[in-house]
Amino acid sequence: MLETKLEMTDKIGYLLLKKGIIDTKILEQALQVKQNDRTKLKRNLAQILVQDFNFDHDIIFKEVAVLYAFKEINIKPEDFEEKRLEELKKLLDKQSDEVKQLLLDHRVIPYKYDERIRDKLILAAVDPTDRSLTKIAYALNAKKYELTYIKKKDYDKLIQILVPPENEFLQMVEESGELLDVETEDSNVSEEELDSEINKSALVNLVEAALVEGVRRGVSDIHIVPKSGNKTEIHFRQDGKLSLWYTQENTLPEAVMAVVKDRSRGMDRFERERAQDGFIQREIDKHIIRYRVSVLPMVGTELKNKFETIVIRILDDRNVIKDLSKLGLIGYAQDAFSKAISQPQGMIILTGPTGSGKSTTLVAALYQVIDPTKNVLTVEDPVEYVIEGARQLKIGHKMNFEQAIRSILRHDPDIVLVGEMRDKETAETAIKLANTGHLTFSTLHTNDAPSAVARLYKMGIEPFLIAYAINIIVAQRLIRKLCNNCKRKVTEFNEGEMKALGLDVEEWKNYEVYEAVGCDQCHQSGYKGRMAIHEALYFTKEIRQIIVRSGMDVDEEKVRIQAKKDGTHSLRDSGLEKVKLGLTSLTEVLSATTED
């Protein structure tokens, strides 16, 4: 009865109910809201479900677009050519500020003029049912227009490129002529003097500007480095490389550091002689962003100043990967990893240097095995990302990492994530968990997968425990991706580079290989974004036997040879596979990997 009535009165509700996107209870509540809606422009059911019931915008409006026959514009903003972006920018820039604001408020883009009907403007709207779109078309002086649907996630990416949000803190820094200039001969700067100078200066805005700019640029770390001559440099690490973003001159470095400490929880501004860790939390562009702050004392050329260096790690939950297919695992590595994490027990170890994406891979793997029937516990110090469905233990001065590790066995876990095996005690506990019916995830700092076996052996772990507790060891590195806008096909190979990689030039002429060029989109670097390459050492029967038969030392070379027979690709081979796919360059693989 409800469905028949709906089909006649609310087509949107009928369609969404029929497709199982909403249930009867939600529908009745939404219809009640619609009936009582007192907003100026009467909202339809789709708008109410998104705005009041927090339904995913793209899921709801994709169905609405189909229902009302709105064409959908399928685009990947990151793959747009520079020329096409310029055309869109021109269309926007020729509008008045008032019209531009109207477009932003209603999330609509004057996409292009129809190729067949020259005076017909195609408008791409996140909500093509928005009643204000007629008024917007009139404001754009469009004699004829067509409404089309664009996914909200695509619109958000495109508008970030076309109309980058202004960094108000950076504007304030640029507009302010104030500079902190404290000259003193005393070896200890007066805290009162420092405090008053900080409060009246643009330093607070500078630090906030760096936090905002770092997030918007996709930066992984912000480095604040004191220099002699009352200078402080702020560097951004983007795509693995550090570059100078801003230099604050005529200002005591202590003042800049004091501002960062004041804005961080868990830090003492007056402490300048020991390491400190803290965190900052901000809402930026409607997303909660967390920052991990590390302060270390350092030696300076000016003895009167107590220099410190600060690194701020940006933790943006939007970067968490939940889909295993997006990790970049291919071929044998993908099959072996999927097989290892689907076992009911055993250990999965990720190895690689700091910043190689080990945590990202582990969290993605964890999301594949989390379900309500499992007790998932994590011991991390510090916790980087909140993992839905896991109980993440809180490490602090009352319960440290080692105490948490010892207590975890008594907490009835099914799956455990141990942030890092940093010593024999941690490694023994993790391996004990893997040997007693638990699926265990952890990380280790080694150069490749076979050397992780030797490292555990040298820690004092028994060979038979290593052999039978571990399912897989995966070594990982991050390499830069070529910029799609400017990458160029290689017509002539660099002989020195090919020789260093041990490659046959004639064979590689059969592949489509690209090199970096540089454009405005990639800040002239030739690269945009990063991806992972992997070396997967799956513990086959033969690998286990080699380890069990170890004498005084694990024979890494024997493990390496057997792994190759099993199908393992080295990190370099994995990188070269990405070159063949046109994703990265030979130069990047050569600089990021070593010989087998």
Side-chain angles (χ1 to χ4, degrees), residues 39-44 46-52 54-62 64-65 70-80 82 84-113 120-142 144-172 174-175 208-209 212-213 215-218 282-289 316 318 520-521:
T39 54
K40 192 176 176 184
L41 292 169
K42 279 275 187 181
R43 295 182 297 166
N44 60 43
Q47 292 163 340
I48 288 166
L49 286 167
V50 171
Q51 292 164 16
D52 296 8
N54 297 318
F55 273 82
D56 185 280
H57 186 285
D58 290 340
I59 289 171
I60 298 291
F61 276 92
K62 190 174 177 67
V64 171
F70 290 113
K71 286 180 191 169
E72 182 181 342
I73 291 178
N74 283 307
I75 58 164
K76 281 192 174 178
E78 59 270 27
D79 293 341
F80 258 40
E82 193 68 39
R84 184 73 188 96
L85 286 170
E86 284 305 317
E87 287 170 5
L88 279 168
K89 278 179 185 171
K90 276 180 188 172
L91 264 173
L92 278 170
D93 289 344
K94 70 179 187 182
Q95 311 305 327
S96 67
D97 288 344
E98 191 182 340
V99 172
K100 207 182 281 184
Q101 194 55 53
L102 206 58
L103 289 165
L104 291 171
D105 289 345
H106 291 272
R107 294 184 295 187
V108 57
I109 293 171
Y111 190 63
K112 64 177 180 180
Y113 281 96
K120 183 163 97 173
L121 181 63
I122 294 169
L123 295 173
V126 163
D127 175 7
T129 65
D130 186 342
R131 293 185 183 184
S132 299
L133 295 178
T134 307
K135 177 185 166 187
I136 290 168
Y138 179 77
L140 289 165
N141 297 318
K144 298 173 187 169
Y145 67 92
E146 179 187 351
L147 294 177
T148 58
Y149 164 65
I150 181 172
K151 290 191 191 82
K152 181 180 175 294
K153 64 173 185 177
D154 289 339
Y155 169 86
D156 288 342
K157 282 182 189 173
L158 193 53
I159 211 68
Q160 287 276 345
I161 299 166
L162 298 172
V163 190
E166 290 180 346
N167 190 331
E168 58 183 297
F169 297 107
L170 195 55
Q171 274 185 317
M172 284 189 257
E174 288 165 356
E175 287 167 9
E208 292 295 337
V212 171
E213 199 70 11
V215 171
R216 287 179 179 164
R217 286 198 191 186
R282 292 284 181 275
E283 185 176 320
I284 294 169
D285 300 333
K286 298 180 181 175
H287 291 279
I288 297 294
I289 307 292
D316 187 343
R318 289 171 295 179
D520 290 339
Q521 278 192 38

What residues form a side chain to side chain contact (heavy atoms under 4.5 Å, CB included) with Ala125, not counting sequence neighbours?
Val108, Leu133
Can you tell me how far apart CG (Leu49) and CD1 (Ile59) are? Round to the nearest 0.5 Å.
12.0 Å
Gap between atom CZ of Arg216 and atom CG of Asp316 - 0.5 Å precision:
12.5 Å
Is there a side-chain contact (heavy atoms from CB on, under 4.5 Å) between Arg107 and His57 once you walk through the steps?
CA-CA 13 Å; Arg107 294 184 295 187; His57 186 285; 4.1 Å; yes
Salt bridge (charged side-chain N to carboxylate O under 4.0 Å, His left out) filter on Asp56, not counting sequence neighbours, yields none
Which residues pass the side chain to side chain contact (heavy atoms under 4.5 Å, CB included) test with Tyr113, sequence neighbours left out?
Leu91, Leu121
Applying side-chain hydrogen bond (donor to acceptor under 3.5 Å, both in side chains), can you list everything that pairs with Glu72, at least two apart in sequence or on another chain?
Lys62, Lys151
The reported gap from CG in Asp130 to CZ in Phe61 (rounded to nearest 0.5 angstrom) is 8.5 Å
Donor-acceptor pair, distance only, cut-off 3.5 Å: does the side chain of Gln101 make one with the backbone of Glu98?
no
Residues forming a side-chain hydrogen bond (donor to acceptor under 3.5 Å, both in side chains) with Lys152, sequence neighbours excluded:
Asp156
Minimum heavy-atom separation for Phe70 and Leu147, please, with both atom names.
CD2-O, 3.5 Å
Under 4.5 Å between any side-chain heavy atoms of Ile109 and Tyr155, yes or no?
yes
So which heavy atom on Tyr145 is nearest to which on Leu123, and how close?
CD1-CD1, 4.3 Å
Contacts of type ring pair (Phe, Tyr, Trp, His ring centres under 6.0 Å), residue Tyr149, not counting sequence neighbours:
none
Full working for side-chain contact (heavy atoms from CB on, under 4.5 Å) between Asp52 and Arg43:
CA-CA 11 Å; Asp52 296 8; Arg43 295 182 297 166; 3.0 Å; yes
Hey, does Thr129 have a side-chain heavy atom less than 4.5 Å from the side chain of Val64?
yes
Residue pair Leu140 / Leu103, side-chain heavy-atom distance below 4.5 Å:
yes
Set of residues satisfying side chain to side chain contact (heavy atoms under 4.5 Å, CB included) with respect to Lys71, sequence neighbours excluded:
Glu146, Thr148
Apply salt bridge (charged side-chain N to carboxylate O under 4.0 Å, His left out) to Asp58 and list each qualifying residue two or more places apart in sequence or on a separate chain.
none
